[in-house]
Amino acid sequence: MEALVYIADGDMRNAVNNLQAIHISTGLVSKEHVFEVCDVPSRDQTEAMLRQLLRGDLDGGLEVFESLWNLHYCVHDLVVYIARTCERMEGLGLDLRMELMVLASHLKMSEAEGIMSKTQILGFLA
């Protein structure tokens with residue numbers, strides 16, 4: 001079961017608008033259609049990438065990252081979804097989750113300052 005997340009008024013309006021756009025364009029609101037219409041990285045792919053990296057499979061994790069990168073998501077979306085996935089992944093110990101969240105927050109701060117590159121994201125993933 002997914003945790004409830006606080007949604008601000010502007011975010012709620014945006015979510016409802018996105019749901020309406022999905023329903024109008026596809027006739028069905030599904031997980032696949034949401035990612036297709038909203039054009040954000042898949043949580044499943046992002047989590048699979050992080051799990052591979054945490055198991056020590058650097059090549060496999062970076063391969064998933066390259067597939068996400070090649071879909072031409074903006075750097076902001078990649079950074080936000082990687083950070084969000086770190087926060088919400090099941091089965092992580094508290095210490096590991098906190099360490100990942102600290103590293104992800106540094107990544108988000110760099111992105112907010114406008115000094116973000118693929119190399120910085122790869123450094124975080126490594």
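If you read the sequence from its start, that first residue is 1, and numbering goes on from there. Here the structure is a predicted model, which means the values were calculated and not measured.
Annotation for Met89 and Glu47: closest pair CG-CG, 3.8 Å, computed over non-hydrogen atoms. The minimum heavy-atom distance between Pro41 and Leu78, with the atom names listed, is CG-CD2, 3.9 Å. Heavy-atom minimum distance, Ser67 versus Gln45: OG-NE2, 4.0 Å.
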Notebook entry, point to check: Where do Lys118 and Phe65 land on the side chain to side chain contact (heavy atoms under 4.5 Å, CB included) test, with the steps shown first?
Noted result: CA-CA 10 Å; Lys118 182 179 179 182; Phe65 173 74; 4.0 Å; yes
Next item on the list: Begin with the C-alpha distance, continue with both residues' side-chain angles, and end with the deciding distance and a verdict on salt bridge (charged side-chain N to carboxylate O under 4.0 Å, His left out) for Glu90 and Arg51.
Entry: CA-CA 10 Å; Glu90 300 278 331; Arg51 289 206 184 279; over 6 Å; no
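Under the 4.5 Å side-chain heavy-atom criterion for grouping Ile, Leu, Val, Met, Phe, Trp and Tyr, Leu54 is connected to Leu103 within one hydrophobic cluster. Hydrophobic clustering of Ile, Leu, Val, Met, Phe, Trp and Tyr side chains at less than 4.5 Å, counting indirect connections, unites Trp69 with Leu58. Under the 4.5 Å side-chain contact rule for hydrophobic residues, Leu96 and Ile82 share a cluster. The same ILVMFWY cluster, assembled from side-chain heavy atoms under 4.5 Å apart, contains both Leu71 and Ile121.
Note: Leu53 CG to Leu62 CG = 6.0 Å, rounded to the nearest 0.5 Å.
A 4.5 Å side-chain heavy-atom check between Leu50 and Leu100 finds every atom pair outside the cut-off. Phe124 has its side chain out of reach of Ser110: every pair of non-hydrogen atoms, C-beta onward, lies at least 4.5 Å apart. Contact annotation: the side chain of Met49 never approaches that of Glu66 to less than 4.5 Å [non-hydrogen atoms, C-beta and beyond].
When each of Glu111, Gln120, Arg84 is tested with Val79 by the rule side-chain contact (heavy atoms from CB on, under 4.5 Å), just one qualifies, namely Glu111.
Legend: residues meeting side-chain contact (heavy atoms from CB on, under 4.5 Å) with Gln52, ordered by chain and number and at least two apart, are Arg55, Asp57, Val64. Scanning for side-chain contact (heavy atoms from CB on, under 4.5 Å) contacts around Leu19 gives Val29, with sequence neighbours left out.
Atom CD of Glu99 has 12 or fewer heavy atoms from other residues, nucleotides or ligands within 6.0 Å.
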